[in-house]
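Okay, so here's the structure we're looking at.
Owing to the predicted nature of the structure, the values given are computational and were not obtained by experimental measurement. We count ligands from 1, going down the list as the structure has it; atoms in each ligand are counted the same way.
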Amino acid sequence: MYEPEMNLPAELIGLLRGCQRAAALTGAGVSQESGLPTVREASASDYQPAALWTQYRPEDLATPEAFQRNPKLVWDWYAMRRARLDRVEPNPGHYALAEMARCISHFTLITQNVDGLHARAGSPQVIELHGNLRRVKCFECGKPALQWQEEGESVPRCAECGGLLRPDVVWFGEMLPAKALETAWQAAETCQIFFSIGTSGLVQPAASLAHVAKRRGAVVVEINPQPTPLTPQADFFLQGKSGEILPALVAQM
Ligand code: OAD
């Protein structure tokens, strides 16, 4: 757990207390303390230590081409990751962000994560730039599936058109959901404080949001145990784990 009296910059605490409009972009790092592997540290087998997955990297499986080549393999990898979600819980960092939304009148939480942990921690509105593992849609017609056979000999099919079902996540090379991206961009352009939390800041367009905010005059706060390409531009770099720093921030603001 964090130390509530953690030594945080007094200037930042002061800015937070007077803040009306804030935005936060989160990445896999905020779920690391819930036991989920981060993207760039993970091999596919980190999601499930079964021999089958050790030969794959996430980028080998999270593409439309991989799904078309071997739908069952890709479907099974996501089904296994969905099953794993039933065994993880939000961590203090997720809960602190839900609390922050209650303290700041206009707070936009934007996530690259597909694990749904922000919503489970009580964040009222989550902008999911890369989709959500728990949602499934048709690969052909795009219609969301309300129910499906999770385990079986073959990949379940769309009730509407008979196409193969797929996870409703953004795969490498795919476009982000337009509405989510527009909302995230607007929040970055209008916020007074922008948090970049638990993300390596390597994947576009999410990685541009902090720079848009900075250009518009926002204070940029980065929370990460490691420096990233954003760190030199951040006004505050809080080096450490989000599950420890975020609760201390909220406790002191
Ligand atoms: P990465 O794995 O690239 O980065 C995770 C970041 O979290 C790293 O900078 C770590 O230092 C940091 N980190 C690790 N533990 C942490 C902790 N306890 N507290 C805070 N930070 C911690 O994951 P993302 O940046 O989220 O996109 O990756 C972004 C996107 O790349 C993913 O959404 C995915 C991938 O392509 C798609 O799938 C479309």
Below 4.0 Å, non-hydrogen atoms only: which portion of Glu33 touches ligand 1? Side chain, backbone, both or neither. side chain
Distance under 4.0 Å to a non-hydrogen atom of Gln112: what atoms of ligand 1 satisfy this? 29 (C), 30 (C), 33 (O)
Is Leu202 close enough to touch ligand 1? Criterion: a residue heavy atom under 4.0 Å from a ligand atom. no
Residue Gln226 vicinity, atoms of ligand 1 by number, heavy atom under 4.0 Å: 11 (O)
Does only the side chain of Gln32 get under 4.0 Å from ligand 1, or the backbone, or both, or neither? Count heavy atoms. side chain
salt_bridge(Lys72, Glu153) N-O dist < 4.0 Å: no
Note: Tyr78 and Leu133 closest approach over all heavy atoms is CD2-CD2, 3.3 Å
Are Thr190 and Thr108 side-chain neighbours, meaning at least one heavy-atom pair lies under 4.5 Å? no
Determine, considering heavy atoms only, which of Thr199, Ile223, Leu238 sits nearest to atom 25 (O) of ligand 1. Thr199
Restricting to heavy atoms, the pick from Pro225, Pro229, Ser242 nearest atom 21 (N) of ligand 1 would be Pro225
Is the shortest side-chain N to carboxylate O distance from Arg84 to Asp115 below 4.0 Å? no
Proximity to ligand 1 by part of Val203, non-hydrogen separation under 4.0 Å: side chain
Quick one: do Arg82 and Glu150 make a salt bridge, cutoff under 4.0 Å? yes
Per-residue contact class, Phe172 against ligand 1 - non-hydrogen pairs under 4.0 Å: side chain
Under-4.0 Å salt bridge between Lys214 and Asp235: yes
Which one of Gly173, Gly29, Ser31, Gly27 has a non-hydrogen atom at the shortest distance from atom 14 (C) of ligand 1? Gly29
